[in-house]
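Convention: sequence-line order gives letters A, B, ...; per-chain numbering from 1.
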Protein chains: 2
Amino acid sequence: MTGMASRTRGAERRREPLSRERIVAAAVELLDTVGEGGLTFRALAERLATGPGAIYWHIAGRSELLVAATDAVLTAAAVGDEPDATPHETVRALALGLFDAIDEHPWVGAQLVGTPSQSPMLPIFEQLGRQVRALGVPQGAWFSAVSALWNYILGVAGQNAANARMPQPATDRTAYVGSVADHWAALDADRYVFTRTVADQLREHDDRAEFLTGIDLILTGITAHRWPAG
Amino acid sequence: MTGMASRTRGAERRREPLSRERIVAAAVELLDTVGEGGLTFRALAERLATGPGAIYWHIAGRSELLVAATDAVLTAAAVGDEPDATPHETVRALALGLFDAIDEHPWVGAQLVGTPSQSPMLPIFEQLGRQVRALGVPQGAWFSAVSALWNYILGVAGQNAANARMPQPATDRTAYVGSVADHWAALDADRYVFTRTVADQLREHDDRAEFLTGIDLILTGITAHRWPAG
DNA sequence: GAAATCTCTGGAACGACGTTCCAGCACGCC
DNA sequence: GGCGTGCTGGAACGTCGTTCCAGAGATTTC
C-alpha cells in the first residue's frame, strides 16, 4: 500500500483526519498519563484539536472507548507461544504478559475486572485452557481449573489498578507500601498477631514475583487436587 | 400566616434527626435496590427527606459513604469461628461468608476490588492468615500463601460485581450465562477448541460451588507446594 | 428573659462530566 | 454551477459531586 492517492483524497488535508485508531491511541495516552478518571471527552477532544461531538461519529460512547483502548493494549501485548515450552511454563508466560501489560497500564486492570469476560480476553482464556488440558486435568474439571486461574489473575489485576489509583499518581510505590506495612506493624498485638508478623513480608515483597508464586501455587493445586470422577 | 398551631401534637415526635447510621443504612438500601450507579446524593437526600447539603455534615463525601456502607455490610456478615473446625473448614467458612455477602450486595465486590486493603477487610485477612499458619506453611511463605487466597477471593468478588452490573438489573442470571455459553459454543472451531468444549460447563456451573472448588484448589496448592527454605 | 452561640438543616448554585444536537464545512458526483 | 454525503466542532441539555449559605432549633451566657 504505497497509497499514492490510490484511495486517499487528491489534496492533502490540512490536518490528519479523525479516525477510530487515532482516537483510541489518544485515549490510551491520556489514560496512561492522567489515569482512569482523566479520560474525558473534552480532554480527548482538546488533545485531538476538535470538539466532543466529532468523537461520537467514530465511537459510540465512553464505555466502548474503554473497551477499544483495553483491546488495543492487550492485543499489542499478546504473547506468542513457544512450541517447546511445558504447560507450566506457558501459563507462566501468559500470566506474566498480562501482568506486565496491566502493570504498565493499570487502568486495564480496572477495565478487566469491571466488565464480564470481554472479547480481548477470550484468546487468553483459550490459551490458558489448552495448557490446563495439557496438564492432565480430567475434562469435567477443565472449567473449574481455568476459572481458578482466571479469578486469581483478575484479582491481582484489580489490586494493581486499585493501588495505582490510590495515592497521588506520582507517589513512590515503595513508600506507599511502606506506610501500609507500618500500619500493620502498629496493629493491636492480640487481635492481629498474624498481620503484624507479615508486615515485613509486605514491605519487602515484589509484586511480580508474588504474582508468579500465586500462579505456581494454583498450578500445583490443579495437578495435585483430587478431582471428582467425571 | 395564621399558623399559630404550627406545633404538631405533643406526642408526635419530630422527624428522626439525621445521623451517620441512618444515612449509611439508606445508602445500603439504595445500593441494593438500584445498584452502584444509583447511589446519588440527590436520591439519598430525597429518601431521607432532606437536601444534599445536610448529608455532608455527617459524611465527608461519596467515597467515604461507600466505605462506610461496605463496612456496615461486612461487619454484619462477620463469621464467628467454630473452635473445633479444621483450618481448611475455617477458610471455607470465611470465604463462603464473604461470597454470600457479596452475592447479596454485589456493589460490595466492586468496592473491595476498587480500594486497597481497607479496614473492614483486615479482620478477615488476619483470620485467613491464622489458618494458613495452622496449615503448616513455613513462616517465610505466609504472606505469599495468604496473598494467593486473597487475590482469588477478590477476583471472584469483582466478577460477581461485574456480572451484576451488566444486564438489566432484573434480568435472569441463568439466561445471561446461557447467552454467553451460546456465544462460546458458536466460536471458531479451530481457534477456540477449548472454550467451545467448556461452554456447557459454563452454562451449568454453580457460582458458589465453583468458588469453593477454587478455594479448595488453592488450599491444596498451599499444602502441596514446595516452599523455598526460609 | 433576651441575646449570643452552636449544631444542624436543606435549598441554591458551581463546575465538570457524558451525551445530543445541529449549523456548517469540504469533498464527490452530476 | 448545484447538490448530497461524510464528517466536523461548538453549543447546549441534564445529571452528577460538591460547596455555600441563610437560617431554624437548641443551648448557653449575660
Side-chain angles (χ1 to χ4, degrees), chain A residues 3 5-27 30-31 33-70 107 110-111 114-115 165, chain B residues 1 3-10 12-24 26-27 30-31 33-70 107 110-111 114-115 165:
Chain A
S6 68
R7 195 142 177 224
T8 50
R9 322 219 149 74
E12 197 90 41
R13 273 214 194 173
R14 272 179 302 203
R15 271 184 313 100
E16 194 162 350
L18 275 182
S19 70
R20 196 184 156 93
E21 297 83 43
R22 238 163 64 81
I23 294 174
V24 171
L30 213 49
L31 285 164
T33 49
V34 289
E36 337 186 29
L39 178 63
T40 289
F41 274 81
R42 284 171 176 80
L44 197 57
E46 191 185 8
R47 184 173 279 240
L48 293 167
T50 177
I55 301 176
Y56 276 86
W57 183 261
H58 302 271
I59 283 187
R62 187 174 203 269
S63 55
E64 178 176 321
L65 180 56
L66 279 170
V67 171
T70 304
W107 50 273
Q111 180 62 17
T115 63
R165 197 177 335 157
Chain B
M1 303 296 207
M4 283 296 257
S6 67
R7 164 85 85 195
T8 51
R9 307 215 170 156
E12 189 88 42
R13 240 191 331 184
R14 279 192 55 79
R15 228 195 43 251
E16 195 162 351
L18 275 182
S19 70
R20 196 183 154 92
E21 297 82 43
R22 240 165 60 82
I23 293 174
V24 170
L30 214 48
L31 285 164
T33 49
V34 288
E36 337 186 31
L39 178 62
T40 289
F41 274 82
R42 285 172 175 80
L44 197 57
E46 191 185 8
R47 186 172 278 239
L48 293 167
T50 178
I55 300 176
Y56 277 85
W57 183 261
H58 302 272
I59 281 186
R62 187 174 202 270
S63 56
E64 178 175 320
L65 180 56
L66 279 170
V67 170
T70 303
W107 50 273
Q111 180 62 18
T115 63
R165 197 177 334 154

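One finds the OG1 atom of Thr40(A) at 11.5 Å from the CZ atom of Arg47(A) (value rounded to the nearest 0.5 Å). Taking OH of Tyr56(A) as the reference point, atom CG of Leu65(A) lies at 9.0 Å (rounded to 0.5 Å).
The side-chain hydrogen bond (donor to acceptor under 3.5 Å, both in side chains) check on Thr115(B) picks up Gln118(B), with sequence neighbours excluded. Scanning for side-chain hydrogen bond (donor to acceptor under 3.5 Å, both in side chains) contacts around Arg20(B) gives Glu64(B), with sequence neighbours left out.
Of all heavy-atom pairs spanning Leu39(B) and Arg62(B), the tightest one is O-NH2, 3.0 Å. Contact record, Glu36(B) with Trp107(B): CG-CB, 3.9 Å, taken as the closest heavy-atom pair. Minimum heavy-atom separation, Gly114(B) to Arg165(A): O-NH1, 3.4 Å.
Summarising the geometry, the separation between CG on Leu48(A) and C1' on dT8(D) is reported as 12 Å, rounded to the nearest angstrom. Rounded to a whole Å, the CD1 atom of Ile59(A) is 14 Å from the P atom of dC7(D). Counting to the nearest Å, the P atom of dC17(C) and the CG atom of Leu30(A) are 11 Å from each other. As a whole-Å value, the separation of Ile23(A) CD1 from dC7(D) C1' is 11 Å. Atom pair Leu18(A):CG and dA26(C):P shows a separation of 16 Å (rounding to whole Å applied). One atom, CG of Leu44(A), and another, C1' of dC17(C), lie 14 Å apart when rounded to the nearest Å. Rounded to an integer number of Å, the gap from CD of Glu64(A) to P of dG18(C) is 15 Å. In this structure, Glu46(A) atom CD and dG10(D) atom C1' are separated by 14 Å, rounded to whole Å.
For dT8(D), the OP1/OP2 oxygens have no side-chain nitrogen or oxygen of Trp57(A) closer than 4.0 Å. Contact annotation: His58(B) side-chain N/O to dT9(C) OP1/OP2 distance is under 4.0 Å. Proximity of Thr50(B) to the phosphate of dT9(C): no side-chain N or O atom is located under 4.0 Å from OP1 or OP2.
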Identify all pairs in which a protein N or O lies below 3.5 Å from an N or O of nucleotides 17-20 of chain D, and state each distance.
from	atom 1	to	atom 2	distance (Å)
dG17(D)	OP1	Leu39(B)	O	3.3
dG17(D)	OP1	Arg62(B)	NE	2.8
dG17(D)	OP2	Phe41(B)	N	3.0
dG17(D)	N7	Arg42(B)	NH1	2.8
dG17(D)	O6	Arg42(B)	NH2	2.6
dT18(D)	OP2	Tyr56(B)	OH	3.0
dT18(D)	OP2	Arg62(B)	N	2.8
dT18(D)	O5'	Tyr56(B)	OH	3.2

